[in-house]
Structures are given as structure tokens and as C-alpha cells.
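As C-alpha cells, the structure follows; a few thoughts come after it.
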Amino acid sequence: MAHNYESIHFSSHGRASTNASKPEVTERLRAIVGAENVLVDPDKVEPYGGDAVKEKFPPEAVVFPSTTAEVVAILKLANEVIFPVTARGGGVGYTGGAVPVEGGIVVGTDRMNRIIEINADDLYAVCEPGITTFALQQEVEKHGVFFPPDPASYKDSYIGGNIAENAGGMRTPKYGNTKRYVLGLEVVTATGEVIRTGGKTEKNVVGFDLTGLMCGSEGMLGIITEATLKLLPLTETTSTVRASFRSMEAACKVLTKFTPEGILPMAMEVIDKYCIEAIEQNYAFGLSPDAAAILLVAVDGSRAEVEKHSVRIEQILSENGGFDVLRAASGADEDKLWDVRRAISPSLMKFGTLKINEDVVVPRSKVPELVARIEDIAKKHNTFVANFGHAGDGNIHVNFVCDRDDSEEIARARECVKETFQLSVDLGGTISGEHGIGYVKAPYMDYAIDRPTLEIMKGIKQVFDPKGILNPGKMFV
Ligand SMILES: Cc1cc2nc3c(=O)[nH]c(=O)nc-3n(C[C@H](O)[C@H](O)[C@H](O)COP(=O)(O)OP(=O)(O)OC[C@H]3O[C@@H](n4cnc5c(N)ncnc54)[C@H](O)[C@@H]3O)c2cc1C
């Protein structure tokens with residue numbers, strides 16, 4: 001996509017600076033949000049140049065608006081003077097979505113963190129984008145309701161970032177991803193127009209579904225300034241069952257065995273033997289040395305239903321090759337079972353200094369084939385791979401681990417990534433289940449989206465952002 005901003009010189013970061021660096025722009029930004037809410041000092045803007053990808057492209061300025069009117073003024077300025085604007089939530093994205101790869105300013109939503117309304121009768125909450133997922137969950141639960149989307153990053157990620165990435169989580173097999181819980185939005189488009197999508201009701205079929213369009217739009221169409229979110233009644237209890245298996249294939253084949261019994265687990269997570277080895281070395285949980293895979297299955301609901309389903313889940317796991325079957329009821333015991341899952345990401349660094357983490361997704365019946373063939377791909381390219389993740393919704397975290405100083409090994413891992421993407425698409429899935437595209441996966445968009453569909457997406461971007469100022473360098477390259 002062509003961008004219209006003029007590059008005037010190279011900044012101290014070694015990249016082309018944009019008009020955002022002009023002193024008069026800094027002054028106008030200060031006039032909009034207050035001088036104390038504009039950062040330009042290189043040391044201060046540097047942390048806003050990266051996310052969980054850990055590559056840094058520092059912006060020329062960071063601004064922290066506190067109202068929709070301030071966001072409008074910022075975007076009108078960017079459209080007039082022409083410089084890139086990248087919205088930022090908690091900055092814990094996995095695909096560089098909030099990273100200002102083409103410079104310009106970052107709009108931090110940290111000060112827009114108010115809850116405006118919690119309405120348990122009508123099952124919705126209205127909030128600003130800068131509240132963390134965790135803080136929102138805590139507040140709504142005081143009213144006997146809950147907000148189901150639960151990305152593992154929930155203590156750091158913001159609601160705006162969750163919506164812009166259409167985040168998923170452990171509870172997705174039963175509850176779905178963030179999009180299902182967004183009833184309405186207030187958005188400032190790139191040209192500084194305020195639009196309101198959807199409303200406060202589940203049923204709302206007036207006009208095109210712009211709320212759905214904004215979910216997963218990765219900050220490329222507008223900046224979300226308010227969200228109306230759907231809530232559900234709190235469930236009475238939960239229970240988790242953990243089983244070990246002698247192969248990953250055996251563990252993954254169990255995923256489809258609960259449906260015929262009328263059981264819809266809220267979470268089903270799988271862990272492969274390399275993850276188990278890494279976790280045991282780091283944390284010594286005492287997992288069985290015979291375990292080549294672990295499956296965690298969690299259910300929620302009324303006490304009676306959870307008890308009945310947990311008993312049957314234990315039986316199904318045992319009948320299908322599971323051993324060391326353990327059940328924990330709600331609370332600290334259940335948490336201990338999940339500690340194993342939480343320990344994976346940090347432990348995998350034992351295998352190398354660079355972890356290329358993909359989050360492909362396939363229909364869940366295809367997960368056994370997916371993981372087996374990914375192992376074949378890794379073997380073919382002599383690359384280390386460890387698989388774990390949200391198997392219950394077919395979303396596997398594929399980790400190619402290598403040495404960050406070995407360019408030849410990294411090139412082999414990149415080859416594995418390409419083949420894994422193609423495999424996922426061939427199996428009826430796609431290249432990202434929840435982390436989005438950002439700049440990291442932008443070169444692979446055409447694996448998943450055909451040309452005419454891609455052209456429509458680019459056309460939509462053009463309508464919302466004719467001058468290409470919002471989050472350039474993402475998704476379409
Ligand atoms: C340890 C760890 C675990 C994770 N686990 C999960 C998981 O289980 N499930 C999952 O889905 N993801 C997970 N992630 C990825 C990530 O946390 C999610 O994508 C999350 O939604 C990002 O939220 P954020 O607030 O950090 O957004 P950011 O990284 O700040 O931004 C992400 C994107 O949203 C845009 N954006 C942010 N705010 C706005 C706004 N107000 N308006 C418009 N656009 C905006 C940005 O421009 C960017 O494109 C994990 C990440 C880490 C580091």
C-alpha cells in the first residue's frame with residue numbers, strides 16, 4: 001500500500017523520520033493532550049517501539065489522550081500534516097501490531113481506562129479501551145456476571161487490544177473469542193470522524209456489521225474509544241481433569257470424544273513431550289516420565305452438572321489411552337494443574353535463544369494430523385519444534401526454537417513456518433487463530449486470503465483511511 005507521508009530525514013533510530021518529528025507538530029500535540037502527556041525524549045519513547053515480538057522500532061512521539069475529542073484532534077492533525085499513527089493497548093501483542101514500524105506517533109490508550117457502566121440486568125458493560133482485561137473481569141464479577149474472553153496475557157492486555165486482535169484464550173472452545181462479546185463500539189476513524197457501531201443489545205441487524213469488521217482490524221481502520229461488551233451470568237463452579245498419554249496423536253484424538261456425550265468443555269489444552277521435558281527440567285512438577293503428551297480438560301456450570309461431566313471426562317480419558325488421570329475441583333488444586341500449562345512458554349527457552357511462535361488453527365478433528373505433520377516438517381529441515389496450545393478449538397502454538405546467532409538455522413526455521421502455514425490452510429484452517437497478522441505475518445497473508453478477498457480488504461482500508469496513516473506496514477505488504 002502506498003503511503004502519502006513525506007520522509008524528510010533519517011532519525012537517530014536509523015529510519016526515515018516523518019512529519020511527526022516537526023517541532024510544530026509536537027507543539028500541536030501538546031496543545032491537544034497537555035504537555036505532560038506527550039513523550040518525545042528518545043529514552044522515553046523507546047519502550048513504545050516494541051511488543052512481545054521484542055523487536056524495536058521506536059516512534060517519534062507517544063501521546064496519551066484521555067477523551068474521544070482528543071483522539072479526534074490527534075487524527076485530524078495526522079491527516080492534515082500527514083504522519084503515521086499507531087494505537088497501542090497493553091503492548092503485549094505477538095505479531096508486532098502496536099509496533100510503529102514506519103515511525104510517526106503512538107497513541108497510548110492508558111489514560112482511557114474507565115468503566116462507564118456495568119448493567120447486570122441487561123448483561124452488558126460499557127468501558128474505555130485502556131482498561132486491562134483482568135481489571136474489567138474483576139469489576140464485572142462483583143455484579144455476578146463475567147466477561148468470558150481470557151487471553152493468557154489478560155493481566156497486561158487491554159480491552160482495546162483484545163478487540164483489535166479479536167483475542168482468544170483458554171475458554172474459547174465453549175465461549176468463543178472476543179468478537180462474540182462486542183455488542184457495540186465508538187471508533188474514531190483515520191480522518192477524525194466518530195462512528196458508532198452496533199448497540200447495547202445482542203439482537204441488532206441494522207446495516208452492515210461494522211462492529212464485527214472492527215474486531216480483528218488491528219488498529220488499521222480506526223481507534224476504538226469505547227466498547228459495549230456482552231456479559232454472561234457467573235457459573236457456579238469449575239473442574240479440571242488432567243491426563244497423560246503415550247503419544248500426541250492419542251491425546252489429540254480424544255478432543256472429539258466429548259461431543260457425543262453432550263459435554264462441551266470450556267477448555268482443552270494439549271502439551272507435547274518437548275514441552276513436558278522443558279517444564280520438568282525447570283519446575284520438577286513430577287510429571288510421569290512415560291508421558292509423551294498431556295491433555296487438560298476443564299468444564300464449568302452448576303455443581304451437579306460439573307460433577308457429572310467430570311466423572312465422565314475421567315472415564316473417557318482413561319478409555320482412550322489416558323493414564324495418571326487427575327481431577328481437581330475449583331480453587332487452588334485446579335490452579336496447580338494449570339501451573340503446568342503456564343510453565344511452558346518460559347521453559348521452552350531451554351532449547352535455544354530464539355523462539356518463533358506461530359498460532360495456526362485447524363478444525364479440531366484435524367489436530368492429530370496437524371501436529372504429526374508439523375513434526376515431519378521440522379525433521380525434514382533439521383529444526384527443533386515444540387507444540388502446545390488450545391487444542392479444543394484447533395489452535396496450536398507451534399514453537400520453532402533455534403539459536404538467534406545462527407542465520408542458517410533461522411532460515412531453516414522460517415522454511416518450516418511457511419510449510420506449516422500451507423499445511424494449516426490445506427487442512428481447512430488458517431495461519432493465525434488469535435495473535436493476528438501485524439507486520440510479522442504480513443508476508444504470508446496470501447497463504448490464507450485469496451486475491452479478490454484481499455482486494456476487498458484493501459478497499460475497506462482505503463474507505464476508512466484514505467491517506468494510509470493508521471498503522472502502516474501491517475497486514476498488507
Ligand atoms: C504471555 C502472552 C500470552 C498471550 N496469550 C494470548 C492468548 O491466550 N490469546 C490471545 O488471543 N493472545 C494472546 N497473547 C497475545 C496478545 O496478548 C493479544 O493479542 C492481546 O489482545 C493484545 O492486547 P494489547 O492490549 O497488548 O494490544 P497491543 O499489543 O497494544 O496492540 C495490538 C493491536 O491492537 C491495536 N490496538 C490497540 N488498542 C487499540 C484501540 N483502542 N483501537 C484500535 N486498535 C487498537 C494495535 O494498534 C495493534 O494492532 C499473548 C501474549 C503474551 C505476551
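In this text the structure is predicted, and so the values were computed from the model without any measurement. Each ligand, and each atom within it, is numbered from 1 in the order the structure gives.
Contact annotation: for H435 versus ligand 1, heavy atoms closer than 4.0 Å belong to the side chain alone. Heavy atoms from both the backbone and the side chain of V92 come within less than 4.0 Å of ligand 1. Proximity of A87 to ligand 1, defined as any heavy-atom pair under 4.0 Å, is shared by backbone and side chain alike.
With hydrogens left out, the protein atom closest to atom 48 (C) of ligand 1 is G97 C, 3.3 Å, a heavy atom. The protein heavy-atom contact nearest to atom 28 (P) of ligand 1 is G91 N, 3.7 Å. Looking from atom 34 (O) of ligand 1 to the surrounding protein, the closest heavy atom is A164 CB, 3.2 Å. From the protein, the heavy atom lying nearest to atom 44 (N) of ligand 1 is G219 CA, 3.3 Å. Protein heavy atom closest to atom 19 (O) of ligand 1, with residue, atom name and distance, is E165 CG, 3.5 Å. Here the protein heavy atom with the shortest distance to atom 21 (O) of ligand 1 is N162 ND2, 3.0 Å. Protein heavy atom closest to atom 18 (C) of ligand 1, with residue, atom name and distance, is S153 OG, 4.2 Å. When only non-hydrogen protein atoms are considered, atom 40 (C) of ligand 1 lies nearest to I224 N, 3.8 Å.
With distances taken over non-hydrogen atoms, the option nearest atom 31 (O) of ligand 1 out of A98, S345, G389 is A98. Among P346, S217, S157, A227, the residue whose heavy atom lies nearest to atom 22 (C) of ligand 1 is S157. Of the candidates E226, H390, E434, E218, it is E218 that places a heavy atom closest to atom 49 (O) of ligand 1. The closest heavy-atom contact to atom 27 (O) of ligand 1, among the options G161, G436, G222, comes from G161.
Against a heavy-atom cut-off of under 4.0 Å, G93 is close to the following atoms of ligand 1: 16 (C), 26 (O), 29 (O). Every atom of ligand 1 is numbered from 1 in the order shown, and the set under 4.0 Å from a heavy atom of A167 is 11 (O), 21 (O). Within the listing of ligand 1, atoms 3 (C), 5 (N), 6 (C), 7 (C), 8 (O) sit less than 4.0 angstrom from a heavy atom of A152. Each of the atoms 47 (O), 49 (O) of ligand 1 lies under 4.0 Å from some heavy atom of N471. Atoms of ligand 1 found under 4.0 Å from any heavy atom of A52, numbered from 1 in the order shown, are 53 (C).
For the side-chain hydrogen bond (donor to acceptor under 3.5 Å, both in side chains) test, residues two or more places apart in sequence or in another chain that qualify with S157 are T133, N162.
Between Y158 and ligand 1, a contact under 3.5 Å exists for at least one N or O pair. Considering backbone and side-chain N/O of I223, none are found under 3.5 Å from N/O of ligand 1.
The closest side-chain heavy-atom distance from K461 to K474 is not below 4.5 Å. Looking only at side-chain heavy atoms (C-beta outward), L264 and P173 stay at 4.5 Å or farther from each other.
Ion pairing between a basic and an acidic side chain is recognised when a charged N comes within 4.0 Å of a carboxylate O; D339 and K336 show no such pairing.
Using modelled atom types, one finds a donor on one side chain and an acceptor on the other under 3.5 Å when comparing Y124 with E117. A donor-acceptor contact closer than 3.5 angstrom is absent between the side chains of E358 and H397. Under 3.5 Å, the side chains of T240 and R341 contain no donor-acceptor pair of N or O atoms. Between the side chains of E60 and T18, at least one donor N or O sits under 3.5 Å from an acceptor N or O.
Of the inter-residue distances, the one linking S244 atom OG with K273 atom NZ reads 14.5 Å to the nearest 0.5 angstrom.
Using a distance-only test at 3.5 Å, with no hydrogens or angles considered, no donor-acceptor pair links the side chain of N399 to the main chain of V401. A donor-acceptor contact shorter than 3.5 Å is absent between the side chain of S153 and the backbone of D156.
Classified by interplanar angle (parallel below 30°, tilted 30° to 60°, perpendicular above 60°), the ring pair Y283/F285 is parallel.
Applying the side-chain hydrogen bond (donor to acceptor under 3.5 Å, both in side chains) test to residues at least two apart or on different chains, the pairs with a partner in residues 171-183 are K174-D300, Y175-D300.
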